[in-house]
Each structure stands twice: as C-alpha cells, then as structure tokens.
Amino acid sequence: MNTLPDDGLALAALEEQVLQPGVKGLPITEPLRQHMIGAQDWNVLNADTSFPVAVLKQSALLHNLQWMRAYCDHYGVVLAPHGKTTMSPQLFGAQLANGAWGITLATAAQVQIAARFGVRRIILANELVAPADIKAMLHLMREDAGFEFHALVDSLAGVERLSQAVQAGRIAAALAAAGGTGHAGQACRRARSGRGARCRTRGGEGARPATGRH
C-alpha cells in the first residue's frame with residue numbers, strides 16, 4: 001500500500017493491479033494483487049525476496065522530498081523532476097505534493113502514462129517529430145482542459161510542424177518557442193496567421209519549452 005503523499009493522483013488502480021510470477025524482485029509463484037504485498041511480511045534482509053531487488057527507505061525518501069522543497073522555496077525556483085528513470089506514479093505524486101511544478105518525461109508514451117494517473121503539467125524533454133506522437137499529445141490536450149503540456153523545439157521546422165498540427169486539430173492553444181538565435185521567434189511570427197493557434201516567443205540562450213495549452 002502506498003503511504004506517500006499523492007497530490008490527488010489516481011493511484012487506486014495500481015493497488016488493484018495483478019502482479020504475475022516473474023515480476024522482478026518478488027518471490028511469487030501465483031498471481032498477487034499489488035495491495036497484498038505488505039501482507040506477505042517479506043524481509044529483504046532475510047532474503048525473502050528474489051535478487052536483485054531495489055528498495056526505498058521511506059524516511060530517507062520523505063527527508064529528500066522535504067529538503068528539495070525547502071531548497072526550491074529558499075532560492076525561489078521551480079522544479080520539474082525527471083520521471084523517466086522511475087516511471088513511478090507513486091513517486092510523481094509524492095514529488096508534486098512536495099512542491100514540484102510538474103514532471104519531466106522523455107517520450108510521448110511516458111507522457112500518456114503520467115497523464116493517465118492524473119499528472120496535469122508535463123515537460124517533454126525532447127522534440128515532437130513523429131505525427132503519431134504529435135497526434136497523441138494533442139488528444140490529451142483536447143480531452144483535458146486542465147492538462148498543460150510543454151515540448152522542446154530547436155528549429156524553424158519544429159515550430160512550424162507543431163503550429164500546423166495545432167491548427168489542423170482545431171485546438172485553441174499557445175505555442176511558445178525559443179532559441180538563442182531568434183529563429184524560433186521568426187517561425188512563430190510566420191505561424192500566427194492560422195486560426196486557432198497563437199505563438200509566443202521566449203528569450204534566453206538555448207532551447208526553452210514549447211508550450212501547448214488547451
């Protein structure tokens with residue numbers, strides 16, 4: 001059972017999922033619902049589990065969450081921790097409950113998983129290139145008015161590709177693009193003519209998020 005703060009994410013389905021023999025670290029020979037793991041009274045130090053197995057010490061995890069929140073508050077910064085390594089909705093919820101601005105992910109499929117569990121603000125630390133991935137992200141924005149999605153762009157073609165997709169999908173969205181050379185801003189100005197899409201530019205060095213909001 002998850003006892004971490006969850007920021008209201010929809011985690012109940014995880015507790016009911018059926019784990020099959022072969023799940024890494026679990027010494028099960030028959031299917032087991034996830035919420036029943038605690039009732040097995042397994043002790044890693046007694047070698048009750050299969051190896052290798054990764055464990056998290058809750059007291060250390062809570063300390064790290066609270067320390068990072070205090071650090072961000074002290075310096076006036078916001079943080080979108082990278083979720084691709086764990087892909088754990090339980091950890092996403094704990095991070096969001098402790099002040100994380102959003103969650104950063106690496107692929108469109110990872111974004112879909114996080115959104116399914118209720119993460120409402122996501123940065124994709126990549127460009128959207130494949131039409132299927134662009135379509136999937138626009139679908140999330142269309143289905144949930146509160147879903148805020150950010151992706152990176154580093155070229156005129158990237159800005160224009162997203163702007164055209166938003167216009168074709170008839171989504172009232174804003175695209176924010178930036179690059180150190182200013183070329184992304186030029187692309188935004190050219191893309192403004194389409195109905196249903198707006199472009200914003202952001203200054204600064206390097207690539208910044210390209211934002212889509214329904």
Side-chain angles (χ1 to χ4, degrees), residues 7 9 68 71-72 75-89 91-93 95-96 99-194 196-214:
D7 200 50
L9 297 193
M68 184 58 72
Y71 179 91
C72 291
Y75 287 101
V77 299
V78 293
L79 179 69
H82 220 316
K84 72 173 185 178
T85 301
T86 67
M87 283 306 296
S88 168
L91 290 181
F92 296 169
Q95 290 169 317
L96 293 168
W101 177 85
I103 298 295
T104 300
L105 297 162
T107 69
Q110 291 174 0
V111 172
Q112 289 174 305
I113 292 171
R116 185 168 78 238
F117 287 102
V119 179
R120 310 301 297 283
R121 182 184 286 129
I122 295 174
I123 297 176
L124 177 68
N126 261 317
E127 284 196 274
L128 277 173
V129 177
D133 289 341
I134 296 174
K135 181 179 179 180
M137 299 303 97
L138 294 183
H139 176 77
L140 291 175
M141 294 160 57
R142 186 183 297 111
E143 292 298 307
D144 184 354
F147 180 68
E148 185 176 331
F149 174 72
H150 303 250
L152 302 184
V153 292
D154 65 1
S155 67
L156 294 173
V159 175
E160 292 172 341
R161 180 169 53 246
L162 293 180
S163 181
Q164 291 168 7
V166 168
Q167 293 173 49
R170 298 181 180 180
I171 296 178
L175 294 177
T181 63
H183 293 321
Q186 296 171 18
C188 276
R189 286 191 288 274
R190 290 204 295 271
R192 279 196 183 118
S193 59
R198 303 187 305 280
C199 289
R200 294 200 308 268
T201 59
R202 296 179 181 178
E205 298 180 359
R208 298 288 182 87
T211 306
R213 290 182 182 174
H214 182 188

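This structure is a prediction, so every number in the text was calculated from the model and none was measured. Sequence positions, counted from 1, serve as the residue numbers for this chain.
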Looking at [X] and [Y], what are the two nearest heavy atoms and their distance?
{"X": "Ser155", "Y": "Gly158", "result": "OG-N, 3.0 Å"}
{"X": "Leu105", "Y": "Ala114", "result": "CD1-CB, 3.6 Å"}
{"X": "Gly102", "Y": "Leu96", "result": "CA-CD2, 4.0 Å"}
{"X": "Thr107", "Y": "Leu124", "result": "N-CD1, 3.5 Å"}

Check: Between Asn126 (side chain) and Ala106 (backbone), is there a donor-acceptor pair under 3.5 Å?
Finding: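 Here the side-chain-to-backbone pair exists.
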
Item checked: Set of side-chain contact (heavy atoms from CB on, under 4.5 Å) partners for Val77, sequence neighbours left out ->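 Here the qualifying residues are Cys72, Tyr75.
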
Checklist line | Full working for side chain to side chain contact (heavy atoms under 4.5 Å, CB included) between Met137 and Gln112 | finding: CA-CA 8 Å; Met137 299 303 97; Gln112 289 174 305; 3.9 Å; yes

Next item on the list: Apply side chain to side chain donor-acceptor pair (under 3.5 Å) to Arg120 and list each qualifying residue two or more places apart in sequence or on a separate chain.
Entry: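 Here the qualifying residues are Asp144.
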
Note to self: Test side chain to side chain contact (heavy atoms under 4.5 Å, CB included) on Leu138 and Phe149; report intermediate values, then the result.
What the structure shows: CA-CA 9 Å; Leu138 294 183; Phe149 174 72; over 6 Å; no

Side-chain atoms of residues 80-87: list all donor-acceptor pairs with protein atoms under 3.5 Å, sequence neighbours left out, distances to 0.1 Å.
residue	atom	partner	partner atom	Å
His82	ND1	Thr104	O	3.2
Thr86	OG1	Ser88	N	3.3

Next item on the list: Determine, stepwise, if the pair Phe92 / Ile122 fulfils side chain to side chain contact (heavy atoms under 4.5 Å, CB included).
Entry: CA-CA 11 Å; Phe92 296 169; Ile122 295 174; over 6 Å; no

